[in-house]
Structures are given as structure tokens and as C-alpha cells.
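Here the structure comes first, spelled out in C-alpha cells, and everything after it is commentary.
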Amino acid sequence: MKRKAKKLLLVIVIMILSINIVNCNHVSQKNENELNKTGSNIETSKSTNNVNESTEMNSAKSTNLSEKIDYDLTTMSQTFCYATVDDMMRNPARYLGKIVKMKGQYYATYDESNNTYYTFCLISDALGCCSSGMEFVWGDGSHIYPKEYPEDKAEVTVCGTYAIYEENGEKYCRIENATLTLN
């Protein structure tokens, strides 16, 4: 009897772990495709003073955006926020043109093939095993990388317009004309 119970418990634990691994792997692969267009990471500048200064310059834009935010992910639970970002990736047409505000970790990557830096705001699920994120373009895209950007893993808030764009025959979603604030 004792041996049967241990065997049953082992089967249950293996099933639970398998479900979690498959779920996180599915999301991780999706995020990896979206976030790592080149598969490379970059180092960012140690200075964050310019981020604060530039954010202050965009305060008028921020005020206008905050008045009409359609999806304020900063007020949602971590689980619901993660699920909403996942839905944005799966059903982009539903969110097109909507104002989105999110809080998460800043990351950047560089694509050598087109000499372009891409910036992201990543959100972890409640357990911290999976993350989902959104590419964003700060303001009109004229900010100088890495001089004006925060370090990778910095906690940031991003607010802007959800958009879809095409690059090299592939469609991607991102937050455009975004404000960037260090938390």
C-alpha cells in the first residue's frame, strides 16, 4: 500500500511538472522569437541620467497618453498582466491603435543584419518562471542608444500606442511613440 501511494504521488508530480514545463516552454519559444530577432544580447551604458531628463521632456505627451489609456497593465495582477501581454501577441488586431501602459524590466538587443537596436519591456508571470514582453519605440525613435537608455534589467514603465509593423517579410507588434520612465 505504501509503495502504491509513493508511485501514485510520483506520477502526479511528474504530470504537474510536465504541464508547467510545456506551458513555459511554449511561451518562452514565442517570446524568444519575438525578442531575440538576432539571438544576441548587448551591454548597455551605466548612465541613466539622460533617461530621466528625456522622460521629463516628454511629460506633455505622457499626460495626454495617460488620459486615454485603454490597457493599463500596471494596475493588473502579475498573472493577469502576463496573460494580457500574451493575448496581445496572439490577437494583435484586437489591440491595434490602443494606448497601453506596462511596467517591467527593460532589455535591448541588436540586429546586425539591419544595424538596428530593439528595446523591450518584459513582464514575468506570478511564479517568475516565464516572461512575456513587448517591443517599444521610445518617442519618435530619435533617442541615442545606449547613451540615453537605461541598463538592461532596469525597472521601467512604458506607455504608448500598440502597433503592428512589417520587417523583412515578417509582422511584429510593438508599442510606438512610447514614454519611458525609470521606476
Side-chain angles (χ1 to χ4, degrees), residues 22-44 51 54-55 58 61-62 65 68-74 76 78-125 129-182:
V22 168
N23 185 37
C24 284
N25 188 37
H26 168 72
V27 174
S28 295
Q29 285 175 348
K30 179 181 160 201
N31 291 334
E32 189 172 308
N33 291 339
E34 179 64 27
L35 296 177
N36 294 325
K37 293 178 183 176
T38 64
S40 63
N41 288 326
I42 56 173
E43 286 187 33
T44 58
V51 174
S54 296
T55 302
N58 289 331
K61 282 185 185 178
S62 179
L65 285 176
K68 48 187 169 174
I69 294 172
D70 297 297
Y71 295 94
D72 189 348
L73 280 58
T74 65
M76 298 177 183
Q78 206 170 7
T79 301
F80 194 64
C81 179
Y82 174 81
T84 302
V85 171
D86 187 60
D87 190 54
M88 288 177 170
M89 300 292 190
R90 294 175 192 264
N91 303 298
R94 180 183 300 165
Y95 300 94
L96 196 57
K98 303 293 185 185
I99 304 298
V100 177
K101 182 179 180 182
M102 60 181 12
K103 186 184 291 187
Q105 287 189 332
Y106 168 84
Y107 282 94
T109 189
Y110 177 71
D111 185 346
E112 290 179 7
S113 69
N114 62 4
N115 194 31
T116 303
Y117 287 97
Y118 297 93
T119 55
F120 300 90
C121 181
L122 296 180
I123 299 168
S124 295
D125 68 348
C129 73
C130 302
S131 62
S132 188
M134 184 73 60
E135 178 186 351
F136 70 91
V137 176
W138 184 13
D140 62 2
S142 64
H143 293 279
I144 300 167
Y145 185 87
K147 184 179 178 183
E148 295 182 74
Y149 284 84
E151 294 181 39
D152 277 356
K153 299 183 183 179
E155 291 293 322
V156 297
T157 300
V158 174
C159 185
T161 306
Y162 185 89
I164 298 171
Y165 71 101
E166 190 170 325
E167 185 174 283
N168 300 323
E170 297 288 329
K171 289 186 179 181
Y172 300 96
C173 53
R174 67 181 175 196
I175 305 297
E176 293 183 340
N177 300 313
T179 59
L180 174 64
T181 308
L182 287 172

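Side chains included, hydrogens not; waters and symmetry mates left out as well; all remaining heavy atoms used. Computed from a predicted model, the values in this text were never measured in an experiment.
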- Message: Contact between Y71 and K101 at the side-chain level, heavy atoms closer than 4.5 Å - yes or no?
- Response: no

- Minimal non-hydrogen separation, T161 against I99, with atom names: OG1-CD1, 3.4 Å

- In terms of side-chain heavy atoms, does Y165 have a donor or acceptor partner in E135 at a distance below 3.5 Å? yes

- Task: Drop me the distance from T109's OG1 to Y118's OH, to the nearest 0.5 angstrom.
- Result: 9.5 Å

- Query: Do side-chain atoms of D140 reach the backbone of S142 as a donor and acceptor pair under 3.5 angstrom?
  - Reply: yes

- Pair R174 + E176: basic N to acidic O under 4.0 Å: yes

- Item | Worked verdict on F120 versus Y106 for side-chain contact (heavy atoms from CB on, under 4.5 Å) | CA-CA 6 Å; F120 300 90; Y106 168 84; over 6 Å; no

- Item | Residues forming a side-chain hydrogen bond (donor to acceptor under 3.5 Å, both in side chains) with Y95, sequence neighbours excluded | D87

- Message: Closer than 3.5 angstrom, by distance alone: can the side chain of D86 be matched with the main-chain N or O of S132 as a donor-acceptor pair?
- Response: no

- Query: Is there a side-chain contact between S124 and Y82, using heavy atoms and a 4.5 Å cut-off?
  - Reply: no

- Note on the structure: Residues V158 and A178: closest non-hydrogen pair is CG1-CB, 3.7 Å

- Query: Which value, rounded to the nearest 0.5 Å, describes the distance between C159 atom SG and N177 atom CG?
  - Reply: 11.0 Å

- Message: Quick one, P150 and L180 - any side-chain contact, counting heavy atoms below 4.5 Å?
- Response: yes

- Just say parallel, tilted or perpendicular for the rings of Y110 and Y117, cut-offs at 30° and 60°. tilted

- Task: For the residue pair C173 and M134, establish whether any side-chain heavy-atom pair is separated by less than 4.5 Å.
- Result: yes

- Task: Taking the side chain as every heavy atom from C-beta outward, state whether C121 and Y107 have any atom pair closer than 4.5 Å.
- Result: no

- Task: Taking the side chain as every heavy atom from C-beta outward, state whether M76 and T84 have any pair of such atoms under 4.5 Å apart.
- Result: yes

- Item | Shortest non-hydrogen contact from D111 toward S113 | OD1-OG, 2.6 Å

- Output for pair (R94 CZ, Y162 OH), nearest 0.5 Å, gives 10.5 Å

- Task: Of all the heavy-atom pairs spanning P92 and I164, show the shortest one and how long it is.
- Result: CB-CD1, 3.6 Å

- Rounded to the nearest 0.5 Å, what separation is found between the CG atom of N168 and the CG atom of N114? 6.5 Å

- Task: Go through the steps for I69 and V100 under the test side-chain contact (heavy atoms from CB on, under 4.5 Å), then give the verdict.
- Result: CA-CA 6 Å; I69 294 172; V100 177; over 6 Å; no

- Task: Without swapping roles, check the side chain of T74 against the backbone of M102 for a donor-acceptor pair under 3.5 Å.
- Result: no

- Worked verdict on I123 versus L73 for side-chain contact (heavy atoms from CB on, under 4.5 Å): CA-CA 10 Å; I123 299 168; L73 280 58; 4.3 Å; yes

- Drop me the distance from W138's CH2 to Y145's OH, to the nearest 0.5 angstrom. 12.0 Å

- Task: May I ask you to test the Y149-T119 pair for a side-chain heavy-atom distance under 4.5 Å?
- Result: yes

- Query: Between atom NZ of K98 and atom CD1 of I175, what is the distance when rounded to the nearest 0.5 Å?
  - Reply: 13.0 Å

